[in-house]
Amino acid sequence: MYDLLVVGAGPYGLSIASHAAAAGLRLRVFGRPMASWRDHMPRGMFLKSEPWASNLSDPAGRLRLDAYCAGQGVAAEHGEPIPVEMFAAYGQWFARNAVPEVDERTITRIARCPGGFEAVTEDGETLHARTVALAVGVMPFVELPAALRALPDSLVSHSSHHDDLTRFRDRDVTVIGGGQAALETAALLAEQGTRVRVLARADQLQWNDVPPPWQRPWWQRARAPHSGLGPGWRNWFYSERPGLFYRLPEARRTRICATALGPAGAWWLRDRIEPVVEVRLGHEVAAARPVRGGVRLDVVSGGGGSEPSGRALRSLETEHVIAATGFRATGERLRLLSDELRGSLETVADGAPQVGRDFESSCPGLFLAGLVTASGFGPAMRFVHGATFTASTLVGGVRRHLRTGTPGGTIPAPSGRGQRGAAPAVRP
């Protein structure tokens, strides 16, 4: 029986595995390294976060993004966005150097068993572990507007379902949403010759400001410090003190997570949108149905029409709809958990699983990481930057659980190597 089973090999899963290996835990790691970044983002996209805020976490802090970029002859500089392809390659490099061998099979089911948990792989192998860390990323939580859910995949898709947009060249596409995913997808489509428009509910688009220089007078730093989520004291609190955020009343945490850092485009994207992409603000899809050659959208818009609400209902036809409408991380969407295990999870007001101060769920021994913990630890958990706090805190919780919460659980002394041999030497 393993001490820890890590399910997921994105930034959070790999960071957790690195810390667990250094702590000497007997562990297994499952998932295709950086799968979401490799398989669900089109070429040409860039990280919105600063390079220095996009590090995966190893205990020694050696395997940073800037170290990888330097090895590739590229400077990771403040204010210069990093291509998604380079970040995905960085994560794979991190996996080779910071964690035990990653098993790329998918875990299809996790259930409780005597002494811990039983996990089943896609090809039927059964493994047992005293604790489990779920770091499943965002893909289980894809959210489509209700009006679009009945359409076939040929007519509607989520922005995260694409690693290649060339299938839409010379076609007509409507993008739903007003955040970074919607705007960057629309820019890439326009640049390849797609006829594209953006429908956004907001009355105006929000754009992030150009980040202030890294080196600034002390009084400017004191007024608006840099943080992993952008400049300013509020962002600094969210990004650098998630443990303190957790101490806020639950209702306040939930409200902040629903409203903080809302949809906005990166500053470097604005010039690629405003001159070339039609953006219809104050528009919301009320209904959709297939028609010959595509889909007809009934769109409610502000316009003083005859509707009781004072809003006009118009229709438009398009060949395909891409919904860049985010993710909703609720416990019920963790479908790899058995019905009994999933049903036992206590939840907070927004439906997310409740987690303790060390990321342990209400099911002892089951730890959660990433987006699904944002209601507990704040907006940082929606970004790579949150992986550093999560990894060290969660592994500390696993060690405490093994020492006190599971019969027969033991904690070996930290050795710097995992059971399956996390290599200390950096490999190319």
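Just so you know, residue 1 is the first one in the sequence shown, and it goes up from there.
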Residues pairing under side chain to side chain donor-acceptor pair (under 3.5 Å) where one sits in residues 244-267, two or more places apart or in two chains, turn out to be none
Contacts of H320 meeting side chain to side chain contact (heavy atoms under 4.5 Å, CB included) (sequence neighbours excluded), chain-then-number -> S157, R167, F168, V173, I322
Residues passing the ring-ring contact (aromatic ring centres under 6.0 Å, His included) test with W268, sequence neighbours excluded, are F46
The complete set of side chain to side chain donor-acceptor pair (under 3.5 Å) pairs with one or both residues in residues 66-75, sequence neighbours excluded, reads R64-D66
For S362, the side chain to side chain donor-acceptor pair (under 3.5 Å) test, sequence neighbours excluded, returns none
Residues pairing under side chain to side chain donor-acceptor pair (under 3.5 Å) where one sits in residues 140-149, two or more places apart or in two chains, turn out to be E143-R149, E143-R333
Contacts of T121 meeting side chain to side chain contact (heavy atoms under 4.5 Å, CB included) (sequence neighbours excluded), chain-then-number -> F30, R105, I107, D123, E125, L127
With sequence neighbours left out, the residues meeting salt bridge (charged side-chain N to carboxylate O under 4.0 Å, His left out) with D209 are none
Residues pairing under side chain to side chain donor-acceptor pair (under 3.5 Å) where one sits in residues 368-390, two or more places apart or in two chains, turn out to be E240-H385, D350-S375
Sorted by chain and number, sequence neighbours left out, salt bridge (charged side-chain N to carboxylate O under 4.0 Å, His left out) with R112 holds for E340
Sorted by chain and number, sequence neighbours left out, side chain to side chain donor-acceptor pair (under 3.5 Å) with R335 holds for none
One pair to check against ring pair (Phe, Tyr, Trp, His ring centres under 6.0 Å): H78 and H226. What are the steps and the verdict? CA-CA 11 Å; H78 176 72; H226 284 296; 4.9 Å; yes
Item to complete: On the 0 to 90° scale, with breaks at 30° and 60°, tag the W236-W233 ring pair as parallel, tilted or perpendicular.
Response: perpendicular
Taken in chain and number order and not counting sequence neighbours, the residues that satisfy salt bridge (charged side-chain N to carboxylate O under 4.0 Å, His left out) with R357 are none
